[in-house]
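Each chain gets a letter, A, B and so on, in the order its sequence line appears, and its residues count up from 1. Predicted model, so just to flag it, every value in this text is computed and none were measured. Values below: every heavy atom of this structure, side chains too, minus hydrogens, waters and symmetry copies.
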Amino acid sequence: MFWHLYKCRVKILLHNKYLLFWIGVFPILLGTFFHMAFSEITEKSESLETIGVVVTTEENNTDAEKLTKEYEGFYSFISTMEEQGYFEVSYASYEDAMNVVSEDEADGALVLTKTENGIDMSLVFAGSGMNETILKNMINTYKYGEKVITEAAMTNPAALESVIDELYSEVSVNKEISLNAKNMDIYNQYYFALFAMTCMFGASIGLLNTEHCQADQSTVAVRRAASPTKKMAMVLSEYLAAVTIMELLFVILAAYLVLVLGVDLGNRYGLIALASFVASLLGVALGYFFGVVIKGKQSAKEGIQMAVILFLNFLAGLMVGNMKFIIEKACPVFNRINPAAIISDCFYSICAYDDLSMYVRCIISMGIWTVLLATVSIMVLRREKYANL
Amino acid sequence: MSKVVEVENLVKRYKELVALDHFNLEIEEGEIFGLLGPNGSGKSTTISCILGLLKYDKGSIKVFGKTMDASSYDIKKDIGVVLQNVAVFDELTVQENIDYFCGLYINDKALRKQYVEEAIAFTGLEEFRKFQPKKLSGGLLRRLNIACGIAHKPKLIFMDEPTVAVDPQSRNKILEGIQELNKNGATIIYTSHYMEEVEQICTRIAIMDQGKNLAIGTKEQLKDMIKTGEMIQAEILDAADDLIDKVKELPHVYKAEYVDNHLKVHYTKGQRNLVRLIDFFKNNDVSFGRVYSELPTLNDVFLEITGKELRD
Ligand SMILES: Nc1ncnc2c1ncn2[C@@H]1O[C@H](COP(=O)(O)OP(=O)(O)OP(=O)(O)O)[C@@H](O)[C@H]1O
Ligand SMILES: [Mg+2]
């Protein structure tokens, strides 16, 4: 019985063109659109020239090049960047350096200052273009790394080497993000937001399932209610079918992005799969919840649900990029409870952080939401007699 | 014979509107029971209550001798429903729909396959098994609706106006089908506001209006309840007033009128009215054309009981 209900529901959902469009086709179109938009951006940035850096110092009578070579870590960083063709490094006196920068012969001047335990550095720019931004990021990364290196050198000299290795690998990841035009990592957050949105749209399936489950909502529900099939079996099998469809569409979307568009989603497929599964559970449960708490016609329910979901998506920054950060400042709690924000955080954390704490927190939050929504829905759906049909 | 359905003093309100007002009904095994009433009289409401889908305010309902409730799964497994509104999935084909609903009752795959085939043959949908409901004509859709309700071979079948919006040919096929189901052992409860249908197939009939059961019996019994008997019409070119007065004197006549060259004579019950009228014409040298007798219809019964026409 359970499998009969499950199989038929999968079939029914697969034949529902409306659902397939919004959950299956629409995200693919959106993904394609992203891809095209990003390719254009990266084509532009492909014309990026090597960043010109002029290294100098304010210390009197000090040769900048000599100073640089005194600090092994910094020197090897600079050399590596030059070897890889990202930087074009020259050395000059302070005055000359400022002239070079103001005449735009170099993108920035790196001014070194001796301090008690090393060197400090600051950047001087003339403009504020892409090159300047990248340069600033690189130097910041190095600065952060240098502090760690110094600390490590003082507390645990033996570990110094591995710390340096790690930092360099971080710098090189960063290099790729910023500089390698072929690499799309920087845009991954958009694709992950797309995943989040798709999972939220799973609510439409949940809502449809409730329509077919409540005798006061549809005639097929009346027929089903008149049969000896237990409500619980119907609800559970069809919930499972809904999640199956979600996973199927999700796999198609991901496969399309990776295999057809060539998007590099990283290699954390396991995490993506788990996130999509839990998020689908939540998305579908959300639809069930709307289906049982909103009173009225199905079309009205669809309208209200869509409005609420789009609003939550909007607040979660899935439509306007920095919305989530505005809320994070004004009322961070809301981002912790808005299901759309949780789902998008979950996906975002996969591409943004090595550390899994945010990911785990999101998975747990989604689980709690799912249990809450599903419990309410099942309690209402189990009711078997209606005041109106 | 055992009672299949017993409804006692059923009261159902939709907010202020009283849809069923102390409604009583008993249905025996093997009947095709007709529930006849105009739109809004409470036929569908009655069925939904008996099926245990609708909350009601008062009364008791038993099916197969057991109290019927939403969770009476052992009763539900022997019931089939054909709802007034077509209830099928647009996403599934004809065959898949029948299989789906049959599967809510029959677990055994092989048996189900056989039942689905039989239902398809029974409703004549063989050519359309791969069609989606949207592609079916109104009549075919109704047949699919029926097939979905009866494929599992229920002992008790509710049919709520299954022939609405069906052309006469399909309608006759459906009515024949219902009689066949009955012959195969199913008890059938059939609602309609077409008295011809009900007269044609039902073994017993209840006439309901405004949530009340006004009369119940075989069609003959119902017709016996009212004082009107047959009505005889005769084509007469020219009838003098005194002739009409003389007709009124004849036995059992309670009304005679002359309209559009037709003499219409209404009788209370009585035998040999036609012969007597023709003799009267001969004896009085009245030349007449066609003469025909009409027996009372359920509509007359309804008219007399409620004071209004059954048809709107
Ligand atoms: N869900 C509802 N809410 C309010 N009133 C209702 C509802 N369903 C039916 N009614 C009212 O209850 C009465 C009985 O309706 P019901 O559908 O049982 O009649 P019916 O005999 O089946 O009519 P029809 O021949 O049109 O199908 C009608 O007056 C109808 O308007
Ligand atoms: Mg009705």
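Going from atom CG of L389(A) over to atom CG of N85(B) covers 10.5 Å, rounded to the nearest 0.5 Å. One distance of note links OG1 of T229(A) with NZ of K77(B); it measures 13.0 Å at 0.5 Å rounding. S48(B) contributes atom OG, which lies 11.5 Å from atom NZ of K385(A) (distance to the nearest 0.5 angstrom). One distance of note links CD1 of I12(A) with CG of N97(B); it measures 7.5 Å at 0.5 Å rounding.
Residue K231(A) places its NZ atom among more than 12 non-hydrogen atoms of other residues, nucleotides or ligands, all under 6.0 Å distant. Residue F33(A) qualifies as open at atom CZ: its count of foreign heavy atoms under 6.0 Å is 12 or below. Under a cut-off of 6.0 angstrom, the local environment of CD in Q179(B) is crowded, with over 12 non-hydrogen atoms contributed by other residues, nucleotides or ligands. Residue R129(B) qualifies as enclosed at atom CZ: its count of foreign heavy atoms under 6.0 Å is above 12. Residue Y256(A) qualifies as enclosed at atom OH: its count of foreign heavy atoms under 6.0 Å is above 12. Within a 6.0 Å sphere centred on CZ of R382(A), heavy atoms belonging to other residues, nucleotides or ligands number 12 at most. Under a cut-off of 6.0 angstrom, the local environment of NZ in K134(B) is sparse, with at most 12 non-hydrogen atoms contributed by other residues, nucleotides or ligands. In F311(A), the CZ atom is not crowded: 12 or fewer heavy atoms of neighbouring residues, nucleotides or ligands sit closer than 6.0 Å.
In terms of heavy-atom pairs under 4.5 Å with chain A, the best-connected choice from I106(B), D99(B), V82(B) is D99(B). Counting heavy-atom pairs under 4.5 Å between each of Y14(B), Y56(B), F101(B) and chain A puts F101(B) at the top. Among S227(A), P228(A), A215(A), the residue making the largest number of heavy-atom pairs under 4.5 Å with chain B is P228(A).
Contact between A225(A) and K76(B) at its shortest, heavy atoms only, is O-NZ, 2.8 Å. In terms of heavy atoms, N16(A) sits closest to E91(B) at ND2-OE2, 3.2 Å. Closest approach of A226(A) to L53(B), counting heavy atoms only: N-CD2, 3.9 Å.
Proximity to chain B is limited to the side chain of R9(A), based on heavy atoms less than 4.5 angstrom apart. Residue E96(B) touches chain A through its side chain alone, counting heavy-atom pairs closer than 4.5 Å. Proximity to chain A is limited to the side chain of K109(B), based on heavy atoms less than 4.5 angstrom apart. In this structure, the portion of N107(B) lying under 4.5 Å from any heavy atom of chain A is its side chain and not its backbone. If you measure heavy-atom distances from K7(A) to chain B, the contacts under 4.5 Å come from the side chain alone.
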Passes side chain to side chain contact (heavy atoms under 4.5 Å, CB included), V88(B) versus T219(A)? Steps please.
CA-CA 8 Å; V88(B) 296; T219(A) 55; over 6 Å; no
Going through the checks in order, is the side chain to side chain contact (heavy atoms under 4.5 Å, CB included) test met by H15(A) and D90(B)?
CA-CA 9 Å; H15(A) 282 97; D90(B) 287 338; over 6 Å; no
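For the pair K12(B) (side chain) and A387(A) (backbone), a donor-acceptor distance under 3.5 Å is present.
At a threshold of 4.5 Å between non-hydrogen side-chain atoms, the residues R223(A) and N145(B) count as touching.
Between the side chains of Y100(B) and R224(A), at least one donor-acceptor pair of N or O atoms lies under 3.5 Å.
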